[in-house]
Amino acid sequence: MKVYSSKDIKNIALLGSDGSGKTTLTETLLFHAGQIQRRGSITQKNTVSDYYPVEQDYGYSVFSTPFHVEWKGKKLNIIDCPGSDDFVGAAVSAMAVTDTTVLLINGTAGPEVATQNHFRLAEKMKKPVIFLVNHLDAEQCDFEQTLEKIQAIYGPKAVPVQYPVACGPNFHEIIDVLLMKKLVWNPEGGDYKAEDIPADQMDKATEWNKTLIEAAAENDEALMEKFFETENLTEDEMREGLRKGLATRSVFPVFCVCAGKNMGVGRLMEFLGNVVPFVEDMPAEKNTNGEEVTLNPAGPTSLYFYKTGIEPHIGEVQYFKVMSGTVHEGDDLTNADRGSKERLGQIFVCSGSMRDKVDQLEAGDLGCTVKLKDVRTGNTLNSKECDHKFDFIQYPNSKYIRAIKAVNEAETEKMMAALNRMRQEDPTWVVEQSRELRQILVHGQGEFHLRTLKWRLENIDKIQISFEEQRIPYRETITKSARADYRHKKQSGGSGQFGEVHLIVEPYTEGMEDPVVYNFGSQEIRINMKGKEEIPLEWGGKLVFINSVVGGAIDARFMPAILKGVMSRLEQGPLTGSYARDVRVVVYDGKMHPVDSNELSFMLAGRNAFSQAFREAGPKVLEPIYDVEVFVPSDKMGDVMSDIQGRRGMVLGMSSENGYEKLQAKVPLKEMASYSTTLSSLTGGRASFVMQFSSYELVPADIQQKLIAENQQKDDE
């Protein structure tokens with residue numbers, strides 16, 4: 001295969017909601033470019049995209065699929081991304097290494113929640129966007145209405161380049177206002193025939209052409225001057241203006257296509273080849289030191305690995321972007337993240353599972369390799385004279401968590417190995433072995449996301465697994481001061497055990513003053529502080545431990561043992577067995593024996609004294625509260641708000657954002673277990689949400705009593 005330079009390479013991400021037709025469009029693009037001789041179909045399970053068994057079984061995309069087409073001396077690298085929000089990680093990584101985003105829209109549904117999410121990502125990453133309206137042959141398709149929705153959401157920057165003469169089963173004609181021609185297809189699709197625009201369409205075409213000319217002229221001073229003088233631009237001048245407008249996100253062209261009938265695809269490819277910015281037209285990426293890395297094929301070699309695939313009979317396939325220099329087959333490179341050495345035995349360009357071997361790839365190109373020893377998604381490989389590292393992929397927070405266990409406990413280790421391997425393919429699967437909850441947790445983006453993981457474990461790795469709800473990481477604290485004393489005494493011949501501890505516990509808040517005096521009934525206890533330790537707890541909050549023992553009642557060498565006893569009880573709170581936090585402990589008195597006292601005695605005395613005092617100090621259970629943002633169509637806002645309130649959520653506010661309502665709330669984690677499924681059901685899949693930890697708050701009294709009773713029953717059993 002020909003080696004392409006950065007001035008001839010374009011990198012494009014293809015995104016859209018489920019059902020928008022991305023996989024079919026991919027087949028048609030490859031067929032139109034001559035890469036394949038026959039178009040596959042999803043029903044026949046023979047498409048270039050969706051070639052993994054799980055994708056063929058479920059009928060939807062799970063992984064991103066890179067492919068390439070060669071068109072008139074240019075190379076278009078295109079990555080077909082999953083449409084479901086559950087697999088957003090694949091879209092994030094694809095958009096990070098491409099320069100232009102094509103957003104496919106189902107002409108029967110208009111912009112959907114996935115359109116919103118993908119556009120928001122493109123906006124965050126400052127990527128050019130092209131809207132592509134598909135399914136123009138569908139009975140319910142209404143292009144004018146879809147265009148109105150696009151412009152209502154994304155503003156006047158969304159400028160149509162084409163419109164259909166008619167939608168529905170008889171669709172076969174498009175008016176192209178850039179070419180100012182009518183494009184006509186035969187019933188079987190393929191190449192179009194350009195004809196003059198008929199009289200009944202000329203006024204509309206002229207009006208839309210003028211709008212397009214204005215949008216193109218706004219991006220170049222020379223073009224703007226010419227437009228003011230002549231009110232017109234040539235076709236080439238319009239292309240140049242649109243190219244500059246795309247690069248600066250000043251214009252979002254809108255195109256028409258019927259991918260299933262191969263109508264409009266050739267014209268789309270012309271636009272991608274002629275107008276979409278080349279990799280060298282886009283701003284240079286920056287490494288982790290903030291230094292710009294230019295696309296210089298003669299510079300030092302640096303590869304960024306954005307995706308890992310695991311395929312039968314091959315193993316790991318590592319996908320990369322050449323960030324600088326030229327990579328050759330057989331190059332020896334160093335992993336900047338892990339310090340290991342790697343040799344690239346073979347390099348390929350790929351289209352789904354098809355891989356074409358190449359000798360070299362230049363800066364800006366996308367490729368893949370196999371059988372690397374120690375490379376993970378997100379790693380950078382460099383030549384000797386280079387020390388670049390890149391970290392520009394930011395995956396979203398998880399929003400669906402389940403505990404996972406092997407049905408056969410003997411297969412737990414095998415299951416963990418499979419989970420860690422699968423996480424290389426999709427880093428938004430996060431695996432956590434929680435010591436606190438005594439569960440293995442899998443964090444994901446939604447129910448479909450974890451259902452896919454289960455399918456792969458059971459069908460590929462042959463490990464039967466089950467999901468359970470995660471236990472909630474409650475916390476315990478106290479609300480008032482209390483005192484207690486405990487004597488540990490044991491005599492069993494020879495040296496015995498003796499330790500007595502008197503202590504006070506109280507709630508701790510950051511910045512509170514050191515204690516001076518406590519009053520418990522008629523008893524006054526004055527504090528003479530000998531030592532103070534502030535211990536940040538790994539599960540959040542603090543323990544402040546104060547030594548106020550006078551007169552040598554307890555030797556200072558036993559204080560660490562008392563602290564150890566207190567810490568052991570903090571790790572298993574007296575109420576529910578959860579971690580305790582934000583407590584101040586003051587040891588003010590005690591007794592010891594010159595022979596029988598030892599560290600174990602004082603550790604047990606401290607543990608039991610703390611436990612008694614904790615129970616008398618108005619103990620409360622805290623639960624984790626999450627900040628939740630829901631993006632929902634306005635007609636479903638009432639249902640979503642009612643559901644949030646039914647989950648003990650507190651609605652903080654609402655605002656409008658690009659045609660959708662944004663609801664902000666605080667909701668207990670306990671109530672979010674099945675939220676993604678419920679939200680999808682309430683809104684017909686038209687809403688999405690994000691969540692992140694906010695704080696710990698007191699649980700209501702009735703729930704606290706229930707939790708304490710459950711813990712007591714567990715202890716009794």
Side-chain angles (χ1 to χ4, degrees), residues 32 71-72 74 100 102 105 107 128-134 136-137 141-148 150-151 156-167 170-186 189-220 222-247 250-258 261-277:
H32 206 89
W71 187 85
K72 294 187 177 179
K74 303 177 183 68
T100 302
V102 174
I105 295 175
V129 171
I130 297 170
F131 291 108
L132 184 60
V133 181
N134 191 23
L136 295 175
D137 62 330
C141 181
D142 187 333
F143 177 81
E144 299 280 350
Q145 188 179 75
T146 299
L147 179 62
E148 283 179 16
I150 292 172
Q151 292 179 327
K157 289 183 181 180
V159 181
V161 178
Q162 303 171 327
Y163 68 87
V165 174
C167 296
N170 294 323
F171 163 78
H172 69 289
E173 297 177 326
I174 284 175
I175 303 297
D176 191 306
V177 299
L178 173 57
L179 300 177
M180 281 305 282
K181 291 288 185 181
K182 182 175 78 168
L183 314 182
V184 183
W185 285 268
N186 293 323
D191 293 328
Y192 63 83
K193 182 170 65 174
E195 299 179 354
D196 291 336
I197 297 174
D200 63 338
Q201 295 292 330
M202 184 56 75
D203 288 346
K204 181 178 179 180
T206 301
E207 180 185 346
W208 286 30
N209 172 258
K210 184 178 179 181
T211 302
L212 185 63
I213 289 173
E214 289 178 5
E218 286 176 358
N219 303 294
D220 186 283
L223 294 179
M224 182 63 79
E225 288 179 11
K226 182 179 178 184
F227 173 71
F228 283 144
E229 291 174 6
T230 66
E231 294 192 0
N232 203 1
L233 296 177
T234 66
E235 189 180 314
D236 287 341
E237 288 170 337
M238 289 173 68
R239 286 197 181 101
E240 182 61 25
L242 290 173
R243 181 183 296 109
K244 291 180 178 179
L246 274 167
S250 301
V251 61
F252 307 133
V254 182
F255 277 80
C256 301
V257 72
C258 177
K261 291 184 177 178
N262 191 10
M263 295 180 183
V265 176
R267 175 66 184 126
L268 171 67
M269 196 176 295
E270 289 176 10
F271 187 83
L272 296 178
N274 288 329
V275 180
V276 164

- request: Could you walk me through whether Met238 and Asn209 pass side-chain contact (heavy atoms from CB on, under 4.5 Å), step by step?
  value: CA-CA 10 Å; Met238 289 173 68; Asn209 172 258; 4.0 Å; yes
How close do [X] and [Y] get, heavy atom to heavy atom, and via which atoms?
{"X": "Cys141", "Y": "Cys167", "result": "O-CB, 3.6 Å"}
{"X": "Pro156", "Y": "Val159", "result": "O-CG2, 3.5 Å"}
{"X": "Ala216", "Y": "Leu233", "result": "CB-CD1, 4.5 Å"}
{"X": "Ala166", "Y": "Phe171", "result": "O-CD1, 3.4 Å"}
{"X": "Ser250", "Y": "Asn219", "result": "CB-OD1, 3.1 Å"}

Side-chain donor-acceptor distances from residues 198-205 under 3.5 Å, at least two apart:
from: Gln201; atom 1: OE1; to: Tyr163; atom 2: OH; distance (Å): 2.9
from: Lys204; atom 1: NZ; to: Glu144; atom 2: OE2; distance (Å): 2.3

query: Is the side chain of Asp176 donor-acceptor paired with the backbone N or O of Lys181 at a distance under 3.5 Å, no angle test?
result: no
- prompt: Is Trp185 reaching over with its side chain to a backbone N or O of Gly190, donor-acceptor style, under 3.5 angstrom?
  reply: yes
Would you compute the distance between atom [atom1] of [X] and atom [atom2] of [Y] and round it to the nearest 0.5 angstrom?
{"X": "Gln162", "Y": "Glu173", "atom1": "CD", "atom2": "CD", "answer": "13.5 Å"}
{"X": "Asp191", "Y": "Leu183", "atom1": "CG", "atom2": "CG", "answer": "11.5 Å"}
{"X": "Lys244", "Y": "Glu240", "atom1": "NZ", "atom2": "CD", "answer": "5.0 Å"}
{"X": "Ile213", "Y": "Lys226", "atom1": "CD1", "atom2": "NZ", "answer": "9.5 Å"}

Flag side-chain contact, heavy atom, 4.5 Å: [X] against [Y]:
{"X": "Val276", "Y": "Val102", "result": "no"}
{"X": "Asp137", "Y": "His172", "result": "no"}
{"X": "Leu212", "Y": "Leu242", "result": "yes"}
{"X": "Val133", "Y": "Phe131", "result": "no"}
{"X": "Pro160", "Y": "Val177", "result": "no"}

- request: Taking ring-ring contact (aromatic ring centres under 6.0 Å, His included) as the test, write out the residues that go with Phe255, two or more places apart.
  value: Phe271
query: Given Thr234 and Arg239, is the side-chain contact (heavy atoms from CB on, under 4.5 Å) satisfied, shown in steps?
result: CA-CA 9 Å; Thr234 66; Arg239 286 197 181 101; over 6 Å; no
message: Less than 4.0 angstrom from a charged side-chain N to a carboxylate O is my criterion; do Lys182 and Asp196 meet it?
response: no
SB check Glu270 Arg267 (cutoff 4.0 Å): yes
task: Please identify each residue that fulfils salt bridge (Lys or Arg N to Asp or Glu O under 4.0 Å) with Lys72, with sequence neighbours left out.
output: none
- request: Assess whether side-chain contact (heavy atoms from CB on, under 4.5 Å) is satisfied between Leu272 and Thr100, documenting all intermediate values.
  value: CA-CA 10 Å; Leu272 296 178; Thr100 302; 5.8 Å; no
- request: Walk me through it: do Val257 and Leu136 pass the test side-chain contact (heavy atoms from CB on, under 4.5 Å)?
  value: CA-CA 7 Å; Val257 72; Leu136 295 175; 5.9 Å; no
statement: Exactly one candidate in Ile150, Asn134, Leu147 meets side-chain contact (heavy atoms from CB on, under 4.5 Å) with Ile105; the answer is Ile150
